[in-house]
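Quantities reported herein were computed from a predicted structural model and do not represent experimental measurements. Counting convention: from 1, in listed order, for ligands and their atoms alike. The first residue in the sequence is number 1, and the count goes up from there.
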Amino acid sequence: MLTGLNIALIGGDARQLEVIRKLVELDAKIFLVGFDQLDHAFTGAKKAKIEELNFSEIDAMILPVSGTSLDGQIETVFSNEKIVLTEEILASTPEYCRIYSGISNQYLDDLVSKTNRTLVQLFERDDVAIYNSIPTVEGTIMMVIQHTDFTIHNSTVAVLGLGRVGMSVARAFHHLGAKVKVGARKTKDIARITEMGLTPFHLQNLEEEVKDLDVCINTIPHPILTAKVISKMPPHTLIVDLASKPGGTDFRYAEKRGIKALLAPGLPGIVAPKTAGQILANVLSQLLLEELAHRKESC
Ligand code: NAP
């Protein structure tokens, strides 16, 4: 149980509701900042404005998946108030206070380093990334169905990258009956793709490999689908770019060539906010329980 733990949950979207639900269930005391328009009331969770919170009593701070913007603003869909995470706020928390977010940026990195606090980026964890690949795959299938006039079954699909998302995407499209080839650069990945019953290719042969594609799904956060590569694709090819912004596609050239290319960020939060929230809630509660146990041991 998280009895006695004070947690500030600042901003976010529907995914955070699952986090609140889970932490309340574990008996933590929650302060909700940026939730004034949320109709639902959680017993054990108290709405507050950021300037009202006594951060010296906060044991852990939970930010949205996006962390902060580059000027420190915290996104929230449940409020119109402007919330900014400042150095002053972080410095006023106890030294052991950990900050949890999905991802980070220069602003947040600088802030935690200046204040000597620990930032935990949940999306860097393999377990979170692998669980998250499940709704990501479902969202990708949805996008391909919405933007093509042919079945996935029997179509030729290339998946670029065999990371945590690429592997799940490749397997799902294979099971839907697509002819899946996967591009990677490591020999161990080429071996794994072969073991999975899929067709491997080395990314250095990408230009040759895209000539017969119906769908190209990119998971590589690097400019991989260049103008030169796109120029070799059949005109009907659909590109779905899952890599984090700005993606790995030359969207300007794709548009010029009349090839439909979609950047599709944040699919878990769009297609399955409840599941995506539960994934975060489960990992967060586990980490907080471990942290509490560790603190009790060292007392
Ligand atoms: P990952 O496990 O790190 O996999 C990344 C893949 O990209 C690996 O196969 C890696 O190969 C390859 N790669 C990276 N840089 C490369 C380069 N310069 N050249 C060739 N290959 C390169 O990451 P992930 O968890 O699968 O996530 C992939 C991307 O999807 C990330 O940008 C992530 O933020 C994003 N994402 C998007 C959604 C969404 O809803 N759209 C959801 C989840 C994740 P090596 O091992 O050889 O480096």
Side-chain angles (χ1 to χ4, degrees), residues 12-15 64-67 75 101-105 108 121-147 157-173 180-196 198-210 215-226 228-230 238-251 260-280 283:
D13 56 29
R15 287 174 278 187
V65 161
S66 55
E75 260 179 48
S101 78
I103 55 173
S104 187
N105 59 21
L108 197 48
Q121 293 182 55
L122 299 172
F123 279 19
E124 280 201 341
R125 294 173 56 95
D126 274 340
D127 51 359
V128 173
I130 292 169
Y131 285 129
N132 247 329
S133 75
I134 301 167
T136 306
V137 166
E138 293 191 12
T140 309
I141 294 169
M142 175 189 81
M143 295 205 68
V144 172
I145 291 172
Q146 276 175 347
H147 292 278
V157 176
V159 177
L160 308 183
L162 191 76
R164 297 159 301 189
V165 174
M167 186 178 286
S168 304
V169 168
R171 192 189 299 111
F173 277 79
V180 179
K181 49 175 151 178
V182 185
R185 60 179 174 179
K186 287 184 181 146
T187 50
K188 73 167 185 149
D189 287 339
I190 299 288
R192 177 61 69 199
I193 297 160
T194 311
E195 177 276 325
M196 289 168 76
L198 310 176
T199 307
F201 67 90
H202 198 287
L203 283 168
Q204 67 197 22
N205 301 326
L206 187 56
E207 279 178 41
E208 194 52 40
E209 294 290 343
V210 298
V215 179
C216 183
I217 301 166
N218 178 46
T219 73
I220 299 176
H222 177 81
I224 187 97
L225 290 172
T226 58
K228 211 162 167 215
V229 173
I230 295 170
L238 170 72
I239 299 173
V240 180
D241 198 334
L242 300 177
S244 50
K245 282 179 190 169
T249 306
D250 185 336
F251 288 98
K260 199 186 268 184
L262 312 163
L263 184 62
L267 289 175
I270 296 168
V271 298
K274 195 175 173 73
T275 310
Q278 284 166 345
I279 292 167
L280 293 175
V283 175

### Query
Considering only heavy atoms, does R185 approach ligand 1 within less than 4.0 Å through its side chain, its backbone, both, or neither?
side chain
### Query
Is D189 close to ligand 1, meaning an N/O of one under 3.5 Å from an N/O of the other?
no
### Atoms of ligand 1, numbered as shown, that sit under 4.0 Å from any heavy atom of G161
9 (O)
### Message
Please find the pair of heavy atoms, one from P268 and one from T136, that lie closest to each other, and give the distance.
### Response
CG-OG1, 3.3 Å
#### Entry: Numbered atoms and elements of ligand 1 in range of G266, under 4.0 angstrom, heavy atoms
39 (C), 40 (O), 41 (N)
## Note on the structure
Quick note on ligand 1: atoms under 4.0 Å from a heavy atom of V165 include exactly 24 (P), 25 (O), 26 (O), 27 (O), 43 (C), 44 (C)
### Query
Do S101 side-chain atoms and Q121 backbone N/O form a donor-acceptor pair below 3.5 Å?
no
### Summary
One finds that the ligand 1 atoms under 4.0 Å from a non-hydrogen atom of T219 are 28 (C), 29 (C)
### Query
Near L203, which atoms of ligand 1 are under 4.0 Å from a heavy atom of that residue?
20 (C), 21 (N)
### Task
Spell out, as yes or no, whether a donor-acceptor pair under 3.5 Å connects the side chain of D189 to the backbone of A184.
no
### Query
Would you say T136 and ligand 1 have an N/O pair spaced under 3.5 Å apart?
no
### Task
For L267, take its heavy atoms, then give the atoms of ligand 1 lying under 4.0 Å from any of them.
39 (C), 40 (O)
### Message
For ligand 1 and L242, I'd like to know whether there is a polar contact (N/O to N/O, distance under 3.5 Å).
### Response
yes
### Message
Does R164, at its CZ atom, have more than 12 non-hydrogen atoms belonging to other residues, nucleotides or ligands within less than 6.0 Å?
### Response
yes
### Task
Output yes when the distance from some N or O of ligand 1 to some N or O of L162 is under 3.5 Å, and no in every other case.
yes
### Task
Return yes when atom CD of Q278 has more than 12 non-hydrogen atoms of other residues, nucleotides or ligands closer than 6.0 Å, and no otherwise.
yes
### Task
Give the atoms of ligand 1, by number and element, whose distance to some non-hydrogen atom of A243 is under 4.0 Å.
29 (C), 30 (O), 32 (O)
### Query
Would you say P268 has any N or O atom under 3.5 Å from an N or O of ligand 1, going by distance alone?
no
### Query
Which ligand 1 atoms are under 4.0 Å away from a heavy-atom of A264?
39 (C), 40 (O), 41 (N)
### Query
Should P221 be counted as touching ligand 1, given the test is an N or O pair under 3.5 Å?
no
### Query
Would you say I220 and ligand 1 have an N/O pair spaced under 3.5 Å apart?
no
### E207 atom CD, over 12 foreign heavy atoms within 6.0 Å
yes
